[in-house]
Asks: 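This is the structure I want to talk about, given as structure tokens.
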Amino acid sequence: MKFIGSLTLLSILTFFIACGQPSYQQGAALYDKHCAGCHMEEGQGLGALYPPLANSDWLKNDPMAAACAIRYGLEGEIVVNDTIYNQPMLAIIDLSEVQIVNIINYINQAWGNDYGTITVGEVKTALEECRKDG
């Protein structure tokens, strides 16, 4: 009987620990499908063509700009980690705000990044603003 009680307690404890640590599985799958082809599997970018997302000062300093780039694409020069990139990024218009949040939150926590998380409300507001500006 003591064993069953211990096993139950261990199961409950494991459940609560797992609930407190998001896995970003949907974001990882969406990243692999929509982003990894250019930004590479480990977020390291592709030479002078596509900027890195791992340890990216551009992403860290403005995650909402990433939301706008995902939804509406990106043209013109950007500077990432003191390197100029000028390769257009195509818009991914079929992603929902929730999917965009999942991708960004995955990137913000992957490959040693520790950039916090964003919310659907923040992305909706950002997408409205960048649509007006663009």
Side-chain angles (χ1 to χ4, degrees):
M1 220 20 139
K2 220 177 195 184
F3 175 74
I4 293 173
S6 296
L7 186 59
T8 302
L9 181 60
L10 182 61
S11 296
I12 291 170
L13 185 58
T14 302
F15 172 78
F16 282 112
I17 290 171
C19 287
Q21 298 174 350
S23 66
Y24 305 107
Q25 288 179 347
Q26 185 184 31
L30 289 165
Y31 176 86
D32 287 344
K33 180 178 180 180
H34 296 285
C35 312
C38 295
H39 296 285
M40 309 314 314
E41 189 174 302
E42 296 297 316
Q44 72 269 26
L46 186 59
L49 290 177
Y50 299 107
L53 301 176
N55 301 307
S56 166
D57 60 353
W58 186 84
L59 181 64
K60 180 180 181 178
N61 294 333
D62 193 358
M64 292 307 115
C68 293
I70 291 169
R71 171 61 59 83
Y72 300 116
L74 186 63
E75 289 191 27
E77 289 184 353
I78 63 168
V79 178
V80 179
N81 301 339
D82 298 323
T83 301
I84 297 172
Y85 294 90
N86 196 10
Q87 184 71 21
M89 178 176 157
L90 298 176
I92 311 173
I93 58 173
D94 60 331
L95 292 176
S96 71
E97 286 90 358
V98 170
Q99 290 172 315
I100 292 170
V101 166
N102 285 332
I103 290 171
I104 294 172
N105 283 338
Y106 166 71
I107 293 168
N108 282 352
Q109 301 304 313
W111 320 301
N113 292 346
D114 188 12
Y115 302 159
T117 58
I118 60 171
T119 67
V120 173
E122 290 172 320
V123 166
K124 284 184 180 189
T125 299
L127 293 177
E128 290 171 9
E129 290 300 314
C130 59
R131 187 175 64 200
K132 289 178 194 175
D133 294 341

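Everything numeric in this text was worked out from a predicted model, so none of it was measured.
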Asks: Hey, what do you get for SG (C68) to CE (M89), rounding to the nearest 0.5 Å?
Replies: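 Result: 10.5 Å between the selected atoms.
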Asks: N105 side chain to Y24 main-chain N or O, any donor-acceptor pair under 3.5 Å?
Replies: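 No: the side chain of N105 does not pair with the backbone of Y24.
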Asks: Once the angle between the rings of Y106 and W111 is folded into 0 to 90°, is it parallel (under 30°), tilted (30 to 60°) or perpendicular (over 60°)?
Replies: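 Because their plane-to-plane angle is over 60°, the rings of Y106 and W111 count as perpendicular.
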Asks: How many angstroms lie between CG in L30 and CG in N102, if you round to the nearest 0.5 Å?
Replies: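 Result: 6.5 Å between the selected atoms.
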Asks: Measuring from atom CG of L127 to atom CE of M64, what distance do you get when rounded to the nearest 0.5 angstrom?
Replies: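 L127 atom CG to M64 atom CE measures 9.0 Å (nearest 0.5 Å).
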Asks: Strictly distance-based, threshold 3.5 Å: is any side-chain N or O of N113 a donor or acceptor partner for the main-chain N or O of N55?
Replies: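 Side chain of N113 to backbone of N55, a donor-acceptor pair under 3.5 Å: yes, one is there.
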Asks: I need the I118 CD1 to E97 CD distance, nearest 0.5 Å.
Replies: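 Interatomic distance, I118 CD1 to E97 CD, rounded to 0.5 Å: 11.0 Å.
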Asks: Is the backbone N or O of G116 less than 3.5 Å from a side-chain atom of Q109, with the two atoms forming a donor-acceptor pair by type?
Replies: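 Indeed, once roles are kept as given, a pair shorter than 3.5 Å links the two residues.
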Asks: With a 4.5 Å cut-off on side-chain heavy atoms, are L59 and N108 touching?
Replies: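 N108 vs L59: side chains touch.
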Asks: Treating Y50 as the side-chain partner and M40 as the backbone partner, does any N or O pair qualify as donor plus acceptor under 3.5 Å?
Replies: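 Answer holds: no.
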Asks: Could you tell me if the side chain of W58 sits less than 4.5 Å from the side chain of P51, heavy atoms only?
Replies: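 A side-chain contact under 4.5 Å is absent here.
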Asks: Can you name the one residue among I93, L90, I100 that meets side chain to side chain contact (heavy atoms under 4.5 Å, CB included) with I70?
Replies: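 Among I93, L90, I100, the one meeting side chain to side chain contact (heavy atoms under 4.5 Å, CB included) with I70 is I100.
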Asks: Quick one: do L46 and Y85 end up in the same hydrophobic cluster if we chain Ile, Leu, Val, Met, Phe, Trp and Tyr together by side-chain heavy atoms under 4.5 Å apart?
Replies: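 Cluster IDs for L46 and Y85 differ.
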Asks: Rounded to the nearest 0.5 Å, how far apart are CG of D62 and CG of D57?
Replies: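 Output value for this atom pair is 11.5 Å.
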Asks: Return yes if some donor-acceptor pair links the side-chain N/O of D32 with the main-chain N/O of E41 below 3.5 Å, else return no.
Replies: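 Checked: no pair found.
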Asks: State, to 0.1 Å, how close E77 and I84 come at their nearest heavy-atom pair, and which atoms those are.
Replies: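 Scanning both residues, the minimum pair turns out to be CD-CG2, 3.7 Å.
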Asks: Between I103 and V120, is there shared hydrophobic-cluster membership here, with clusters defined by ILVMFWY side-chain heavy atoms closer than 4.5 Å?
Replies: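 Result: yes, single cluster for both.
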Asks: Could you measure the distance from the OG atom of S56 to the CD1 atom of I107? Nearest 0.5 Å is fine.
Replies: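 Nearest 0.5 Å value for the OG-CD1 distance: 9.0 Å.
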Asks: Looking only at atom types and distance, does a side-chain atom of R71 sit under 3.5 Å from a main-chain N or O of L95, one as donor and one as acceptor?
Replies: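 Checked: pair present.
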Asks: Do you know the tightest heavy-atom contact between A69 and L74?
Replies: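 The pair with the smallest heavy-atom distance is CB-CB, 4.2 Å.
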Asks: Where do I104 and P63 come nearest, in terms of heavy atoms and distance?
Replies: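 Shortest heavy-atom separation between I104 and P63 comes out as CD1-O, 3.8 Å.
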